K.L.:
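Take this structure, written in structure tokens, and hold onto it; I'll ask about it next.
Order of listing sets the numbers, starting from 1, for every ligand and every atom in it. All values derive from a computational prediction rather than experimental measurement. Starting from 1, each residue takes its place in the sequence as its number.
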Amino acid sequence: MSDSIERLYQAVIAARDLDPAGSRTARLFQRGPAKMAKKLAEEAIEVVIDAVSGKPDAVIRESADLLYNLTVLWASAGVKPQDVWSEMARRERLLGIAEKLPKTAVKLPKSTPEPAVRRRIVALENRLRKRQS
Ligand SMILES: N=c1c2ncn([C@@H]3O[C@H](COP(=O)(O)OP(=O)(O)OP(=O)(O)O)[C@@H](O)[C@H]3O)c2ncn1[C@@H]1O[C@H](COP(=O)(O)O)[C@@H](O)[C@H]1O
């Protein structure tokens with residue numbers, strides 16, 4: 001999948017400077033990050049609605065649209081797919097699965113704790129963060 005997104009990212013970069021009249025991507029760049037963000041949010045909602053409605057084929061289609069719009073927003077924000085893959089790999093090393101790290105950095109012991117311990121650390125951090133917000 002990452003190869004497909006890398007290829008899409010390169011295509012988006014290449015389309016950025018095309019004539020907006022003939023390129024949706026160029027039009028999105030012309031209209032700026034706010035429009036890109038709006039389209040991304042719309043696609044995310046469409047994925048959610050189709051998933052809740054039990055329409056897997058629609059979820060597939062809308063997910064492809066979502067990834068396209070996400071790639072456009074990455075390009076606009078100067079983020080490369082490899083940046084995201086590296087962050088996911090960092091989390092996987094730390095947590096065993098690609099899940100979001102708590103906002104406040106956890107001071108883990110030198111030797112990485114067992115997965116169950118790591119999850120408890122993350123859960124504790126999340127509870128602390130919620131209590132602080
Ligand atoms: N991968 C995509 C891609 N996926 C989805 N889309 C567009 O995003 C739309 C999905 O958003 P919407 O559902 O909101 O569609 P819509 O309602 O017609 O859009 P709006 O009227 O709301 O703007 C689809 O209809 C496609 O037109 C894409 N448009 C382009 N690409 C790729 O981007 C590259 C550049 O293409 P151009 O933008 O055409 O130059 C090429 O590699 C393309 O394959």
K.L.:
Enumerate, atom names and distances included, each donor-acceptor pair closer than 3.5 Å involving a side-chain atom of residues 1-15, sequence neighbours excluded.
P.N.:
from	atom 1	to	atom 2	distance (Å)
Glu6	OE2	Trp85	NE1	2.8
Tyr9	OH	Val79	O	3.1

K.L.:
Return the protein residues near ligand 1 (heavy atom under 4.0 Å from any of its atoms), ordered by chain and residue number.
P.N.:
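The 4.0 Å shell around ligand 1 contains Leu8, Ala11, Ala15, Ser23, Arg24, Thr25, Lys39, Glu43, Asp65, Tyr68.
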K.L.:
Got a list of side-chain donor-acceptor pairs under 3.5 Å for residues 43-56, not counting sequence neighbours?
P.N.:
from	atom 1	to	atom 2	distance (Å)
Ser53	OG	Ile49	O	2.5

K.L.:
Compare every heavy atom of Leu73 with every heavy atom of Pro33, then report the nearest pair and how far apart it is.
P.N.:
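Distance-wise, the nearest heavy atoms are O-CD1, 3.9 Å.
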K.L.:
Taking salt bridge (Lys or Arg N to Asp or Glu O under 4.0 Å) as the cut-off, I'd like each qualifying pair that reaches into residues 10-34, sequence neighbours left out, listed once.
P.N.:
none
K.L.:
Examine Leu40 and Val84 and state if one hydrophobic cluster contains both, with Ile, Leu, Val, Met, Phe, Trp and Tyr joined whenever side-chain heavy atoms are less than 4.5 Å apart.
P.N.:
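They do share one cluster, since a chain of ILVMFWY contacts under 4.5 Å joins Leu40 to Val84.
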K.L.:
If you compare all heavy atoms of Leu28 against all heavy atoms of Met36, which two are closest, and at what distance to 0.1 Å?
P.N.:
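Scanning both residues completely, I find the closest heavy atoms to be O-CE, 3.5 Å.
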